[in-house]
Amino acid sequence: MKKALLSAACLGTTTVFAQVKDSLQTKNVEEIVMTASRKKENIKEVPSSVTIVAEKQIQSQLTVNSDITSILQYTVPSLGTNSGQTSNTGQTLRGRQVLVLVDGIPQSTPLRNGARDLRVIDPSAIERIEVIKGASAIYGNGADGGIINYITKRNKTDKKISGISQIGLTGQLYGGTLGVRASQLLSGKIKKFDYTLSLAYERTGYMKDADGVLLSPTYSTARMDNYNGMLKLGYDINDNQRIEASYIGYSSRSDLNVGLSTGKYGIKPTIGEGEGKSLETTPQGTPKNHNIRVSYDNKNLFAGTSLNINLYYQDFKTVYGYSDTFFNGGQSNVLSKKVGARFNFDTQLWNSQNSQGEIIYGADILNDQTVQKLEDGRFWTPNMSMTNIAPFVLAKIDLFKKLTIKGGLRYENIRVNVDDFNTLSVIKNDGTFTKSIPVEGGKLSYNALVGNIGIRYNIEPYINLFASFSQAYSINELGRILRTSTSETIKSLETKPIIVNNYELGATGQLSNWLHYELTSYVSTSKLGATFVQSADRALMIQRSPEIVYGIEGFLHFTPAKWLQFGGSYSWMEGITSPKDDGDYSSKINNSRISAPKVLAYIQGKPIPTLSIGFDMLHSFQQDRFTPNAKGVFAYGEGFVPDYTVFNFKSGYEVNRNWKISLGIENLLNRQYQPAIAWWAARDSDFTNSAGLRGTFMIEYKF
C-alpha cells in the first residue's frame, strides 16, 4: 500500500482530506498522495478539508468538456457553478474569492480581479488539482475563500522516453459546431536527468443552445484557438539534492464574429445573431500566460533540517470584447507581472516512538505589478505595484499516532505604489458619461500578523475529528476601488485590506472497506468585506462592510465492488452583512458570491475489464433570497435563480494496452436551461442560455 503523503500549508491547518473518485480500485484514503505546498505528511494528520481532483478523474472529465471551469464545478462541492463562458465571475469558493495557482505560481490578479484566472492552463497538462477550502495565507494575497492549485504532470518512469498521444473531435447536433483537439505528452529519464514535455491545441466551433441557437458572443468560448505548452526539466544532484526548472505557456484567442441580440431578463435570452460590428482590434481571450519556475530541494541541509527554494515569474494578459461602456468605445484588458521567491526550512525537533515534533519556517517575497487598460492605451486603473514580504513559522506535534496539533504565524508586510492617473469616462444609467477626474497616486502600506491553529484526533478508522482556525489577508479589488474614485487623492478612499477568520469543524472516516464519508461545517468572518453591489444609477460599485459566511458540505463515496463505484456530495452556504456596521446583520450578501446549494452525484462501472461507463449529475437548487423593487426589477446579484439538473455521460474502451477510445456527452438530455449567473446578475445582456448536448470523441495512444 502506498503511504499517503500530504504537503502541509505554511500555516498548517489548511490541508486535510481528499475527495477522490479517480479509480475503481480506490478503497482506502491512505492510498491517496497529495502535494499541496511545502511539507509532505500523512493525510490523516491534517485538520481541515481539502478536495483532490486526481489525474484519472481529470482525464474522465476531459472526455466530457476540456473547460477547466466545468471540470471544477463537477468535482468541488463548495465551488460555484460555471458560466459556460471565458469569465469565471461568480465561481467563488465558500462564498469568497479563490486564489488560483499553477505549481504554486499565483495566476490570480487580486489587485484587479479579471475573473479569467481559472482558465489559464489546459487540463491535459495537469496531474491533479488540489483545492484548499477556507481562508488561507499560505500563498499571500487573494485566498479569502481558499486555494486552487493546479499540479502539472511529471515524469513517472525510468524509461528514456514514454508518452501519450490524444486526438479528438468535439461538436453538437447542429452545423458549424465541429471542433478539434490534440495533445501530446512526452516524459523520460536519462541517468540523473528527467524531463516532461506537454503540448495541447484545441479549436472550438460555434456554441449553440439546445434549440440550435447561437449563444451570446459576450465572453464566448466559441471559435477559439487554445494553445498550451509545458517543459519541465529535473536533475538529481545526489540522493538529497534536486533542482528543477519549468516553463508553462497558455494562450487563447477567439475569432468569433457574431452580432449580439440582447434579450429580456427572465423572458427572452440574449443570443448571437448576424455578424459583429468588427470593432475589436484584439481577439478576445487570454493571449499570453507565461510561467517560469526554478526550484531547489535539499533533504539534509544540516542536522535534521531540509530546505526548499522556489523562484518564479509570471507574465499574464487577458483581453475582453468591445464595449461602448467607455467614452468612444474600446476593449479593456488586464496586465499582470509577478516575480516571487519562497524559502522553506523544515527542522525535526524530536522523533520518538510515541511523539514527533517539527518546526517549519521561512519567508515569501512577491512583487505583483497589475494594471487594467484599454487596448488603445487609456488607463482604467492606474499602474499598481505591490511588494509583499512575509516571514512565517509553523510548529507541529504528533502524539501517539492519533493526535496532531498545529499552530502557525505569518507576518504580512505589504507596500503598494499607485501611479497618478485620470479616471476613465464611462456611461451612466441615463446615457451620459461620467467626468474624468485626475487622481493623485501614492503609497499604501499594510501590515498584519495572521495565524492559525488546528487539531485532528483519529479516534478509530470510522471516526476522525478535526477542527481549525485560520486567517487570510488580502487587498482584493484595489483596482476597481481606484478606478471609480470620486476623490482627487487615494488617501481618502477606503482601501483597507480584507482579513478573513475561518473556523472549521468536521468529521471523516471509513465505515467499511467500501464506504467513505466526510461532513464539514464552517464559518468565516471579516470586519471589512468586499462585494459588488448596484448603485442608484445601476452602476457596479464595491461595498465594504462586515460579513459572515457559513455553510456545510459533505460527501459519501461507495465502492461495493472492484467494478463499481458511486457517490455524491452536497454543499450549502449563506452569507450575511451589516452595511452600516451597526451590528444589524439582517442584510444578505448577494448571489454573485453566495451560490445556490449544489448536489453532485456520479456512478462509474466496468462491466468488463476493458470498458468503463459513467454518469455525472449536477443539480443546482433554487435560490430565492431577495425581492425586486416596486417596478419588479432585481438589483445586480439579487436575481431569483431557478433550479436545474444536468446529466453527463462518459465512457472509455481499451482496445489493447496501447490504444484507447473514449466518448463523452455533456448535457446528455439536451436540456434547455440558463446558468446561475444569467439569473442572479438580473441584467438583460447576461440572460443567456447554456450549451445544448455536446459530444467529445477521443483516440489515445500510449507508448
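Just so it is clear, the model here is predicted, and its values are computed rather than measured.
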Task: Close side-chain approach of His290 to Tyr247, heavy-atom, < 4.5 Å - done: yes

- [ ] For residues Asn591 and Val641, report the shortest heavy-atom separation together with the two atoms involved.
- [x] ND2-CG2, 4.4 Å

- [ ] Find out whether Thr696 and Val64 are in side-chain contact, i.e. whether some heavy atom of one side chain is under 4.5 Å from a heavy atom of the other.
- [x] no

- [ ] Say whether Thr92 and Arg94, considering side chains only, have a donor N or O and an acceptor N or O under 3.5 Å apart.
- [x] no

TODO: Give the intermediate values and the outcome of side chain to side chain donor-acceptor pair (under 3.5 Å) for residues Glu202 and Asn228.
DONE: CA-CA 9 Å; Glu202 183 171 11; Asn228 196 90; over 6 Å; no

Task: Residues Thr282 and Glu375: side-chain donor-acceptor under 3.5 angstrom - done: yes

Open item on the list: In the structure I gave you, are the side-chain heavy atoms of Asp103 and Ile248 within less than 4.5 Å of one another anywhere?
Closed with: yes

Open item on the list: Quick check: do Ile475 and Ile498 have side-chain heavy atoms less than 4.5 Å from each other?
Closed with: no

Open item on the list: Going by side-chain contact (heavy atoms from CB on, under 4.5 Å), Val102 matches just one of Thr152, Ile126, Ile148, Asn289. Which one?
Closed with: Thr152

Open item on the list: Checking side-chain polar atoms at under 3.5 Å, does Asp376 have a donor or acceptor matched by the opposite partner on Gln331?
Closed with: no

Task: Backbone N/O of Ala472 and side chain of Asp144: donor-acceptor pair under 3.5 Å - done: no

Task: Steps toward ring pair (Phe, Tyr, Trp, His ring centres under 6.0 Å) verdict (Phe433, Phe327) - done: CA-CA 7 Å; Phe433 286 85; Phe327 183 72; 5.4 Å; yes

Task: Side-chain H-bond candidate by donor/acceptor type, Asn689 with Gln674, under 3.5 Å - done: yes

Task: Heavy-atom side-chain contact between Arg116 and Thr86 under 4.5 Å - done: yes

- [ ] Inspect the contact between Asp122 and Arg181 and indicate whether a charged nitrogen and a carboxylate oxygen are less than 4.0 angstrom apart.
- [x] yes

TODO: Show the numbers, then the answer: is there a side-chain contact (heavy atoms from CB on, under 4.5 Å) between Arg378 and Leu424?
DONE: CA-CA 8 Å; Arg378 285 178 288 170; Leu424 193 62; 4.0 Å; yes

TODO: Tell me whether the centres of the aromatic rings in Trp679 and Phe687 are closer together than 6.0 Å.
DONE: yes

Open item on the list: Checking side-chain polar atoms at under 3.5 Å, does Ser436 have a donor or acceptor matched by the opposite partner on Asn422?
Closed with: no

Open item on the list: Which residues pass the side chain to side chain donor-acceptor pair (under 3.5 Å) test with Arg203, not counting sequence neighbours?
Closed with: Asp225, Asp255

Task: Lys338 (side chain) donor-acceptor with Ser108 (main chain) under 3.5 angstrom - done: yes

Open item on the list: Would you say that Gln314 contacts Lys337 through its side chain, given a criterion of any heavy-atom pair below 4.5 Å between the two side chains?
Closed with: no

Task: Short side-chain donor-acceptor distance under 3.5 Å, Thr69 and Arg119 - done: no

TODO: Verify the distance criterion only: is there a donor paired with an acceptor across the side chains of Tyr250 and Asn226 at less than 3.5 Å?
DONE: yes

Open item on the list: For Glu412 and Asn447, which I'm curious about, is there any donor-acceptor pair between the side chains at under 3.5 Å?
Closed with: no

Open item on the list: Show, in sequence, the C-alpha distance, side-chain angles and deciding distance for Thr577 and Ser545, and conclude whether the side chain to side chain donor-acceptor pair (under 3.5 Å) test is met.
Closed with: CA-CA 7 Å; Thr577 182; Ser545 59; 2.7 Å; yes

- [ ] Considering only NZ, NE, NH1 and NH2 on the basic side and carboxylate oxygens on the acidic side, decide whether Arg593 and Glu547 come within less than 4.0 Å.
- [x] yes

Open item on the list: Show, in sequence, the C-alpha distance, side-chain angles and deciding distance for Glu477 and Gln97, and conclude whether the side-chain contact (heavy atoms from CB on, under 4.5 Å) test is met.
Closed with: CA-CA 10 Å; Glu477 285 293 17; Gln97 293 298 325; over 6 Å; no

Task: Modelled atom types, side-chain donor and acceptor of Asp117 and Asn88, under 3.5 Å - done: yes

Task: Ring-ring centroid check Phe634 Trp680, cutoff 6.0 Å - done: no

TODO: Establish, from distance only, whether the side-chain atoms of Gln73 and Asn82 form a donor-acceptor pair under 3.5 Å.
DONE: yes

Task: Side-chain donor-acceptor contact under 3.5 Å, Thr51 with Lys133 - done: yes

Open item on the list: Keeping Ser216 on the side-chain end and Thr218 on the backbone end, is there a donor-acceptor pair under 3.5 Å?
Closed with: yes

Task: Side chains of Leu214 and Met207 in contact at under 4.5 Å (non-hydrogen atoms) - done: no

TODO: Decide whether Ser183 and Ser124 meet the rule of one side-chain donor and one side-chain acceptor closer than 3.5 Å.
DONE: no

Open item on the list: Do Phe316 and Thr286 have side chains that approach each other closer than 4.5 Å (heavy atoms only, starting at C-beta)?
Closed with: yes

Open item on the list: Under a plain distance cut-off of 3.5 Å, with no hydrogens placed, do Arg694 and Asn667 share a side-chain donor-acceptor pair?
Closed with: no

- [ ] Step by step, work out the side-chain contact (heavy atoms from CB on, under 4.5 Å) result for Val319 and Gln284.
- [x] CA-CA 5 Å; Val319 179; Gln284 290 190 58; 5.9 Å; no

Task: cation_pi(Lys208, Tyr174) dist<6.0 Å, angle<=45 - done: no

Task: Check: Gln372/Asn333 side-chain N/O donor and acceptor closer than 3.5 Å - done: no

- [ ] Go through the steps for Arg342 and Tyr312 under the test side-chain contact (heavy atoms from CB on, under 4.5 Å), then give the verdict.
- [x] CA-CA 9 Å; Arg342 297 193 183 95; Tyr312 62 86; 3.6 Å; yes

Task: Donor-acceptor contact present, side-chain Ser251 to main-chain Pro287, <3.5 Å - done: yes

